[in-house]
Amino acid sequence: DPKIIQKPKYLVAVTGSEKILICEQYLGHNAMYWYRQSAKKPLEFMFSYSYQKLMDNQTASSRFQPQSSKKNHLDLQITALKPDDSATYFCASSQAPGGTGQLYFGEGSKLTVL
Amino acid sequence: GQQVQQSPASLVLQEGENAELQCNFSSTATRLQWFYQRPGGSLVSLLSNPSGTKHTGRLTSTTVTKERRGSLHISSSQITDSGTYLCAMVVNTGNYKYVFGAGTRLKVIA
């Protein structure tokens, strides 16, 4: 059974709209992350959270807002969507804050913006 | 900026052949980590290696930190090994961060 649940697996949005990507992990980990992978770029780090606090943000745009309502949840809200936001968004987690432990990935949410 | 270069970009092997995947990175890394990405997209961690050589099953990871390079050797390839192999360097900039390469797409044919 997948230990990191991402929803939805696929989604299509129109330019200018807003979407929320859901991520829940059942590994008992303390750190959670968002990564993005597009056709044009390798898998790239976006955010890291530890104990529900933002640790690192490498996303230039404020249109991307992570939200952590519980320790094992890290959702990603994306506003004013653009076609360039089309990508697969991966949620990940690790036991230790700071990523010193092994990184586990979810199955990804593939976003297409028309 | 921090970069990871992987080569070759793609590789086709006959079943049973060995593969050598290369990874070069641009700055000081605490370790290299290799991931396998299934054709469907999900990622699985394979080996994590700060330096030297590590083995698991048919996989051998070698990291030469001073020379900023690493490799993943796959012996006796199988059709089920097909997929993309990603190399990530783990850097400590106050927080640990994974910087990924573009990957090597491996196809193993019968």
Side-chain angles (χ1 to χ4, degrees), chain A residues 1-6 8-10 23 25 27 29-51 53-60 86-112, chain B residues 1-10 21-51 54 56 59 61 63 70 83-105:
Chain A
D1 290 337
K3 300 299 185 185
I4 301 181
I5 309 295
Q6 287 191 243
K9 193 171 175 63
Y10 302 98
C23 178
Q25 56 93 1
L27 294 162
H29 288 168
N30 298 310
M32 295 185 71
Y33 313 84
W34 278 102
Y35 284 80
R36 173 173 53 193
Q37 187 178 43
S38 69
K40 298 177 184 177
K41 293 182 180 180
L43 195 62
E44 56 179 344
F45 171 86
M46 298 179 73
F47 298 98
S48 66
Y49 265 66
S50 173
Y51 295 101
K53 291 184 180 177
L54 179 67
M55 299 297 288
D56 197 358
N57 175 0
Q58 295 292 320
T59 304
S86 297
T88 300
Y89 291 81
F90 287 96
C91 177
S93 70
S94 65
Q95 175 61 43
T100 53
Q102 185 168 310
L103 200 60
Y104 293 81
F105 282 87
E107 301 277 314
S109 290
K110 185 172 182 179
L111 171 66
T112 302
Chain B
Q2 296 156 338
Q3 291 184 357
V4 176
Q5 301 290 339
Q6 289 189 246
S7 61
S10 62
L21 312 180
Q22 304 294 333
C23 179
N24 292 281
F25 48 98
S26 63
S27 58
T28 303
T30 61
R31 66 180 190 273
L32 281 192
Q33 191 150 347
W34 289 91
F35 291 84
Y36 168 69
Q37 186 167 28
R38 299 187 180 98
S42 60
L43 290 101
V44 175
S45 177
L46 297 174
L47 282 163
S48 178
N49 190 354
S51 66
K54 273 194 166 185
T56 183
L59 303 177
S61 162
T63 302
T84 301
Y85 290 79
L86 299 175
C87 170
M89 67 171 186
V90 185
V91 295
N92 184 0
T93 56
N95 295 298
Y96 286 88
K97 189 173 70 173
Y98 287 70
V99 180
F100 285 83
T104 293
R105 289 182 191 78

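In what follows, every chain begins at residue 1, and chains take the letters A, B, ... in the order their sequences are listed. Values below: every heavy atom of this structure, side chains too, minus hydrogens, waters and symmetry copies.
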- Whatever's closer than 4.5 Å to a heavy atom in chain B on Y104(A) counts as neither
- Query: Which answer fits E44(A), side chain, backbone, both or neither, if we ask what part of it has an atom under 4.5 Å from a heavy atom of chain B?
  - Reply: neither
- Task: Decide yes or no on side chain to side chain contact (heavy atoms under 4.5 Å, CB included) for L103(A) and V90(B), but give the supporting numbers first.
- Result: CA-CA 11 Å; L103(A) 200 60; V90(B) 185; over 6 Å; no
- So, do Y33(A) and Y98(B) sit near enough that their side-chain heavy atoms are less than 4.5 Å apart? no
- Note on the structure: In short, F90(A) meets S42(B) closest at the heavy-atom pair CE2-CA, 4.4 Å
- Note on the structure: Between G101(B) and P42(A), the two heavy atoms sitting closest are O-CB, 3.5 Å
- Item | Nearest-0.5 Å distance that lies between atom CE in M55(A) and atom NZ in K97(B) | 13.5 Å
- Message: With rounding to the nearest 0.5 angstrom, report the CG to OG1 distance, L43(B) to T88(A).
- Response: 10.0 Å
- Task: Would you please indicate if the ring centroids of F35(B) and F105(A) are separated by under 6.0 Å?
- Result: yes
- Note on the structure: Applying a strict 4.5 Å limit to non-hydrogen atoms, the region of Q37(B) in contact with chain A is side chain
